[in-house]
Amino acid sequence: MTERELLTAGLRELGVAECPSAADNLLRYSEILREKNKVMNLTAITDPTEIVTRHFLDCAALAPYMPQDGRVLDVGTGAGFPGMPLAILCPQTEFVLLDALRKRIDFLNEVITELGLINVTAVHARAEDYARDNRGTFDLAVSRAVADLRVLSELALPMVKVGGAFLAMKAEDCTEEVETAANARTVLGAPDAEVLHYTVPFDEVFRAIVRLQKTQETPEKYPRRFKKIQTSPL
Ligand SMILES: C[S@@+](CC[C@H](N)C(=O)[O-])C[C@H]1O[C@@H](n2cnc3c(N)ncnc32)[C@H](O)[C@@H]1O
């Protein structure tokens with residue numbers, strides 16, 4: 001199977017509609033990613049087939065949860081995951097991709113320009129700093145491979161609106177991590193956690209999405225400084 005065939009079949013298996021130019025844009029993104037990865041550290045996954053499965057299809061599993069005409073924040077996006085594939089697949093949704101590393105944001109801005117994307121902005125900032133001016137402004141936050149759920153919830157939930165949600169991409173066996181975050185979830189305004197399981201097409205990797213529905217405002221004192229979040233997680 002070619003990468004394009006893999007992508008199209010995988011999206012179909014996930015039930016994700018492929019809008020015009022999405023496959024072209026994703027394959028071009030893969031090319032730019034592999035090229036830039038030779039000169040900077042963007043991804044440990046370099047095989048073109050694995051970029052389709054472990055990056056694009058893994059992230060595409062979140063597409064059915066994207067709010068039409070809503071705003072989505074990707075906390076710790078790195079080389080753009082999951083935010084960039086989602087922005088390509090969901091042109092009606094506005095995305096902000098946030099990362100603390102300037103070089104990764106520069107890379108994402110090159111991708112945005114090259115693909116001519118108008119529904120995505122890359123921002124260089126730490127989440128706990130960005131939260132100061134962006135409290136309760138996103139319909140949804142997403143994140144993959146950034147931190148333990150207790151820490152991650154404090155970084156992401158303050159920026160989600162009441163009535164919105166935070167989707168954290170986790171390994172299949174995340175029950176203990178979700179339970180350990182019970183106090184953090186309650187304090188931050190999203191007491192209930194739902195774990196949704198999925199399989200990455202053509203990779204047979206089992207994964208989970210932890211959905212935290214925000215039902216109450218996050219108290220003003222959160223997020224705290226990063227050192228405090230890490231040393232005394234909620
Ligand atoms: C392991 S990488 C994961 C990248 C991407 N989400 C993925 O799944 O491939 C973690 C990223 O989170 C970023 N990060 C960690 N803490 C952060 C914070 N407090 N605010 C913003 N970005 C952060 C790092 O700079 C890094 O790019």
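Read the numbers this way: they start at 1 and go in the same order the structure lists the ligands and their atoms. Note that the numbering runs from 1 along the sequence shown for the chain.
In the hydrophobic clustering of ILVMFWY residues, with side-chain heavy atoms under 4.5 Å counting as a link, Ile88 and Met66 come out together.
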Return a table of N or O atom pairs, ligand 1 on one side and protein on the other, at distances under 3.5 Å, rounded to 0.1 Å.
unit_1	atom_1	unit_2	atom_2	d
ligand 1	6 (N)	Gly76	O	2.8
ligand 1	6 (N)	Phe81	O	2.7
ligand 1	6 (N)	Arg144	O	2.8
ligand 1	8 (O)	Arg144	O	3.3
ligand 1	8 (O)	Arg144	NE	2.7
ligand 1	8 (O)	Arg144	NH2	3.3
ligand 1	9 (O)	Arg144	NH2	3.3
ligand 1	19 (N)	Arg126	NH2	3.1
ligand 1	19 (N)	Glu128	OE1	3.0
ligand 1	20 (N)	Ala127	N	2.9
ligand 1	22 (N)	Ala100	N	3.2
ligand 1	25 (O)	Asp99	OD1	2.7
ligand 1	27 (O)	Asp99	OD1	3.2
ligand 1	27 (O)	Asp99	OD2	2.7
ligand 1	27 (O)	Arg104	NH1	2.7

Expected list for residues 105-114: side-chain donor-acceptor pairs under 3.5 angstrom, two or more places apart:
unit_1	atom_1	unit_2	atom_2	d
Asn109	ND2	Ile105	O	3.4
Glu110	OE1	Lys36	NZ	3.4
Glu110	OE2	Lys36	NZ	3.4
Thr113	OG1	Asn109	O	2.9
Glu114	OE2	Arg28	NE	2.9
Glu114	OE2	Arg28	NH2	3.1

Which pairs would a plain distance check flag for residues 157-164, meaning a side-chain donor or acceptor within less than 3.5 Å of a matching protein atom at least two apart in sequence or in another chain?
unit_1	atom_1	unit_2	atom_2	d
Lys161	NZ	Asp139	OD1	3.0

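Figure legend: Arg71 and Phe95 shown without cation-pi pairing, the cationic atom not lying both under 6.0 angstrom from the six-membered ring centre and within 45 degrees of its axis.
The aromatic rings of Tyr29 and Phe56 sit parallel, their planes meeting at an angle under 30°, below the 60° perpendicular limit.
Residues satisfying the side-chain hydrogen bond (donor to acceptor under 3.5 Å, both in side chains) criterion with Ser30, sequence neighbours excluded, are Arg34.
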